[in-house]
Visitor: 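Have a look at this one before I ask anything.
Residue numbers count from 1 along this sequence. Every heavy atom of this structure was used, including side-chain atoms; hydrogens, water molecules and symmetry mates were not. From a predicted model like this one, the values you see are computed outputs, not experimental measurements.
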Amino acid sequence: VGLGLSICKSLVSLMNGTMDAESHLGVGSKFSFEVPLFITPPDDVALYGRIEEMLEQYNDNGAIMVMSPYMEDYEFADRFFGRYCIDVVRCRSVEEVEMFADDQRKFGIAIIDLSSSPADGLAAASTVFHANPNVRFAFVRGAELDEGYKAKTRLYTDIVIQRPLSSKSLYKLLGVA
């Protein structure tokens with residue numbers, strides 16, 4: 001019994017492709033497959049190199065943390081960084097951030113929402129900073145912060161992003177905009 005067709009089917013399936021078979025008695029069989037082809041533009045390759053270099057500078061494992069009550073913040077960051085095969089972790093609370101810190105998980109970039117609770121956002125920033133002083137921070141806000149919180153965010157922040165997250169704001173965080 002041959003395994004070739006079974007192996008091909010598995011490989012094509014792993015690449016999100018499809019396989020087709022045509023068979024005619026006395027004539028023979030024809031097998032074909034189709035897989036999506038992704039061509040990365042040269043600009044993306046160069047950008048990936050800069051992002052990878054920047055993440056290595058800030059952290060060995062290059063993971064990115066998003067602390068936000070809004071699923072769309074995590075989903076946007078995951079799509080944006082996912083195309084560069086960079087791990088994005090969602091934390092919903094300061095407690096989850098502390099849990100990662102207790103597990104010695106360091107993040108190269110921390111994107112923290114301040115709109116629902118600036119105090120929680122700053123507590124999370126302090127936890128992440130103590131685990132990795134070289135982390136790059138982005139604070140996301142929906143409204144203007146009062147002067148007291150503005151002064152406190154300056155201790156950590158590389159950029160304050162007005163909601164919603166955008167590619168432009170993340171490129172700016174990475175220093176490539």
Side-chain angles (χ1 to χ4, degrees), residues 1-93 95-113 124 128 131-132 134-138 140 158-159 161 163-177:
V1 176
L3 292 173
L5 190 58
S6 177
I7 292 170
C8 288
K9 185 175 188 242
S10 296
L11 289 171
V12 168
S13 179
L14 285 171
M15 293 184 283
N16 295 321
T18 57
M19 200 158 175
D20 192 36
E22 287 180 35
S23 184
H24 300 285
L25 191 60
V27 176
S29 299
K30 175 183 165 188
F31 300 95
S32 60
F33 67 92
E34 213 174 283
V35 293
L37 177 64
F38 298 100
I39 300 173
T40 306
D43 288 348
D44 258 11
V45 172
L47 178 60
Y48 175 75
R50 288 193 299 247
I51 291 171
E52 192 174 53
E53 191 177 287
M54 195 257 342
L55 286 172
E56 285 175 10
Q57 173 187 348
Y58 288 99
N59 186 27
D60 292 337
N61 69 10
I64 295 168
M65 181 204 72
V66 176
M67 183 185 134
S68 175
Y70 304 105
M71 186 64 174
E72 59 265 21
D73 287 350
Y74 165 76
E75 289 171 343
F76 185 84
D78 193 46
R79 276 192 315 274
F80 181 88
F81 292 107
R83 65 183 167 190
Y84 303 105
C85 302
I86 297 168
D87 186 29
V88 177
V89 175
R90 181 178 186 212
C91 295
R92 292 167 193 83
S93 66
E95 292 76 25
E96 285 186 18
V97 173
E98 290 169 348
M99 182 183 72
F100 280 110
D102 289 345
D103 291 341
Q104 304 297 309
R105 179 74 186 261
K106 295 180 180 178
F107 297 103
I109 295 175
I111 300 171
I112 299 175
D113 178 79
V128 171
N132 180 13
N134 295 319
V135 66
R136 277 186 78 82
F137 282 100
V140 181
D158 292 287
I159 184 174
I161 301 169
R163 180 167 303 294
L165 287 180
S166 67
S167 295
K168 183 178 179 181
S169 60
L170 294 180
Y171 285 130
K172 190 172 179 184
L173 169 66
L174 296 168
V176 293

Visitor: Which residue pairs pass the salt bridge (charged side-chain N to carboxylate O under 4.0 Å, His left out) test with at least one member in residues 65-74, sequence neighbours excluded?
Guide: Asp73-Arg163
Visitor: Going by heavy atoms in the side chains, are Phe80 and Val88 under 4.5 Å from each other?
Guide: no
Visitor: Name all residues meeting the side-chain contact (heavy atoms from CB on, under 4.5 Å) criterion together with Ile7; count only those two or more places apart in sequence or in a different chain, and write none if there are none.
Guide: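 Ile7 satisfies side-chain contact (heavy atoms from CB on, under 4.5 Å) with Leu3, Leu11 once adjacent residues are dropped.
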Visitor: Considering all heavy atoms of both residues, which atom of Lys172 and which atom of Arg136 are nearest to each other, and what is their separation?
Guide: O-NH2, 4.3 Å
Visitor: Mind checking the CZ-CD spacing from Arg90 to Glu75? Nearest 0.5 Å is all I need.
Guide: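 If I round to the nearest 0.5 Å, the distance is 8.0 Å.
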Visitor: Test of understanding: with ring pair (Phe, Tyr, Trp, His ring centres under 6.0 Å), list the residues that count as partners of Tyr70, not counting sequence neighbours.
Guide: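 Residues passing ring pair (Phe, Tyr, Trp, His ring centres under 6.0 Å) with Tyr70: none at all.
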Visitor: What is the minimum heavy-atom distance between Ala138 and Ile161, and which atoms define it?
Guide: CB-CD1, 3.8 Å
Visitor: Which residues satisfy the side-chain hydrogen bond (donor to acceptor under 3.5 Å, both in side chains) test with Ser6, sequence neighbours excluded?
Guide: none
Visitor: Applying side-chain hydrogen bond (donor to acceptor under 3.5 Å, both in side chains), can you list everything that pairs with Glu98, at least two apart in sequence or on another chain?
Guide: none
Visitor: For the atom pair OG (Ser68) and CZ (Phe76), what is the distance rounded to the nearest 0.5 Å?
Guide: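 It is 13.0 Å, given to the nearest 0.5 Å.
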Visitor: So, taking the atom named OG in Ser29 and the one named CG in Leu5, what distance separates them when rounded to the nearest 0.5 Å?
Guide: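 Answer for the OG-CG pair, Ser29 versus Leu5, is 9.5 Å.
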Visitor: Among all residues two or more places apart in sequence or in another chain, which pass the side-chain contact (heavy atoms from CB on, under 4.5 Å) test with Met99?
Guide: Asp103
Visitor: Would you please name every residue forming a side-chain hydrogen bond (donor to acceptor under 3.5 Å, both in side chains) with Ser32, sequence neighbours left out?
Guide: none
Visitor: Which atom names give the shortest non-hydrogen contact between Val12 and Glu34, and what distance separates them?
Guide: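 Scanning both residues, the minimum pair turns out to be CG1-O, 4.2 Å.
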Visitor: In chain order, what residues pass the side-chain contact (heavy atoms from CB on, under 4.5 Å) check against Ser13, with sequence neighbours excluded?
Guide: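 Ser13: no side-chain contact (heavy atoms from CB on, under 4.5 Å) contacts found.
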Visitor: Compare all side-chain heavy atoms of Ile111 with those of Leu170 and state whether any distance is below 4.5 angstrom.
Guide: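 Yes, side chains in contact.
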Visitor: Taking only residues two or more places apart in sequence or in another chain, which ones pass side-chain contact (heavy atoms from CB on, under 4.5 Å) with Pro164?
Guide: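 Testing Pro164 for side-chain contact (heavy atoms from CB on, under 4.5 Å), a comparison that skips the adjacent residues, returns none.
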Visitor: Looking only at heavy atoms, which two atoms of Val135 and Ala110 are closest? And how far apart?
Guide: CG2-N, 3.8 Å
Visitor: Of all residues at least two apart in sequence or in a different chain, which pass the salt bridge (charged side-chain N to carboxylate O under 4.0 Å, His left out) check with Arg92?
Guide: Glu96
Visitor: With salt bridge (charged side-chain N to carboxylate O under 4.0 Å, His left out) as the rule and sequence neighbours excluded, what pairs involving residues 17-32 come up?
Guide: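 Listed once each, the pairs would be none.
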Visitor: Grab the two heavy atoms, one from Cys91 and one from Met65, that are nearest each other, plus how far apart they are.
Guide: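 In terms of heavy atoms, the two residues are closest at SG-CG, 3.8 Å.
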Visitor: Can you name the side-chain hydrogen bond (donor to acceptor under 3.5 Å, both in side chains) partners of Ser10, sequence neighbours left out?
Guide: none
